[in-house]
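Here's the structure, in structure tokens; my notes come after.
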2 protein chains.
Amino acid sequence: MPLPHEILFKTLADPTRRAIFERLCREGDQTVGALTAHAGISQPAVSKHLGVLKRAGLVKDRHEGRLTHYSAELGALDPLVGWAKEMTGFWQNRFDDLEDLLKRMDQ
Amino acid sequence: MPLPHEILFKTLADPTRRAIFERLCREGDQTVGALTAHAGISQPAVSKHLGVLKRAGLVKDRHEGRLTHYSAELGALDPLVGWAKEMTGFWQNRFDDLEDLLKRMDQ
DNA sequence: CAATTCAATAACTCGCTGGCTATGGGTTTA
DNA sequence: TAAACCCATAGCCAGCGAGTTATTGAATTG
């Protein structure tokens, strides 16, 4: 099983897929048909993207008769932000180490 | 010119490239040779990845004789975090709208 | 100056994936 | 129940990109 941020980066790297996700974030609940109408690609292509988004935990679906509604899954982006903070944190730690070193040299 | 987060997602989607960037964040300045020693791929492959990272603004290089040192560029991840916050923000706004609606209905 | 080392570029191969069309299963409508 | 509609799956194709080896340029070493 890959780390959480791994699948997120791969999934959100595709512009079309990210656009679908953004639309779900901005406008909330949407049917596949509505998403297809704005995506500029075929319905099967949209369905495939939604499948990928769902497997990444970025989206959840709701069945209502013959319609399928999709909505953005909240908090799914957390690992991504966490990873970014971790990276900048490493830098901060090195900065702290440098400060410690300078402090010790000062004595 | 693409949006800032666009290139970041594409660049960081590759595991090898992300590993190189993580190493630079964790351990700071590194030569191409040192990075190659830990990457498990050939030196040209590493150089190509470093080129991509550099064009994305995630990394900067420093020439010292025949060696080239690379280091992580701070703040390059900001647009990524910004985008994530924006997405969750949209959801928050919809939540606020719902609260407003309910408030208005209550009167 | 010859040999060696470091890194970048060139040229190529190959697997992955995002797009398509065709089809099928399930649901509503006439 | 026949027809139309919504969405998912299957199967196929083309382009991209990550890897390779070969080569070159530049800098250090002997």
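Just so we're on the same page: letters track the sequence lines, and every chain starts at 1.
- Across every non-hydrogen atom of A:Lys10 and B:Ala13, the tightest pair is NZ-O, 3.6 Å.
- In this entry the distance linking CZ of A:Arg62 with P of D:dA8 reads 14 Å, nearest Å.
- Closest approach of B:Pro4 to B:Pro79, counting heavy atoms only: CB-CB, 3.6 Å.
- The heavy-atom pair separating B:Ala72 from B:Leu24 by the smallest distance is N-CB, 4.0 Å.
- The side chain of A:Tyr70 contributes no N or O atom lying less than 4.0 Å from OP1 or OP2 of D:dC6.
- As judged by a 4.0 angstrom heavy-atom cut-off over every strand, B:Thr36 is placed among residues making no nucleic acid contact.
- With rounding to whole Å, B:Arg55 atom CZ is found 13 Å from D:dG17 atom C1'.
- If you check C:dG18, D:dG19, C:dA7 against the side chain of B:Thr16, the one that comes closest is D:dG19.
- Ranking C:dA22, D:dG19, C:dG19 by closeness to the A:Pro44 side chain, first place goes to C:dA22.
- For the pair B:Gln43 CD and C:dT9 C1', the computed distance is 10 Å after rounding to whole Å.
- With rounding to whole Å, B:Leu50 atom CG is found 10 Å from C:dA7 atom P.
- Relative to the side chain of B:Ala45, the nucleotides C:dT21, D:dT20, C:dA8 differ in distance, and D:dT20 lies closest.
- Contact annotation: B:Ser47 does not reach the phosphate of C:dA7 (side-chain N/O to OP1 or OP2, under 4.0 Å).
- Counting heavy atoms from C-beta on, the side chains of B:Arg17 and B:Lys48 never come closer than 4.5 Å.
- Contact annotation for A:Thr68: backbone-only contact, meaning every heavy-atom pair under 4.0 Å involves sugar-phosphate atoms and none involves a base.
- Checking C:dA8, C:dG19, C:dC6 against every side-chain atom of A:Asp14, the shortest atom distance belongs to C:dG19.
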B:Glu73 and B:Lys54: CA distance, side-chain angles, deciding distance, salt bridge (Lys or Arg N to Asp or Glu O under 4.0 Å) verdict: CA-CA 9 Å; B:Glu73 190 71 81; B:Lys54 186 180 173 185; over 6 Å; no
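- For B:Arg66, counting side-chain heavy atoms from C-beta on, the closest listed nucleotide (D:dG19, C:dT21, D:dT29) is D:dT29.
- As rounded to whole Å, 5 Å separates atom P of C:dG19 from atom CD1 of A:Ile41.
- Here B:His49 reaches the OP1 or OP2 of D:dG19: one of its side-chain N or O atoms lies under 4.0 Å away.
- Summarising the geometry, the separation between CG on A:Asp61 and P on C:dG26 is reported as 16 Å, rounded to the nearest angstrom.
- Ranking C:dG18, D:dA18, C:dA7 by closeness to the A:Lys48 side chain, first place goes to C:dG18.
- The nearest whole Å value for the distance from the CG atom in A:Leu67 to the C1' atom in D:dC7 is 9 Å.
- Rounding to whole angstrom units, CZ of residue B:Arg17 and P of D:dC16 are separated by 16 Å.
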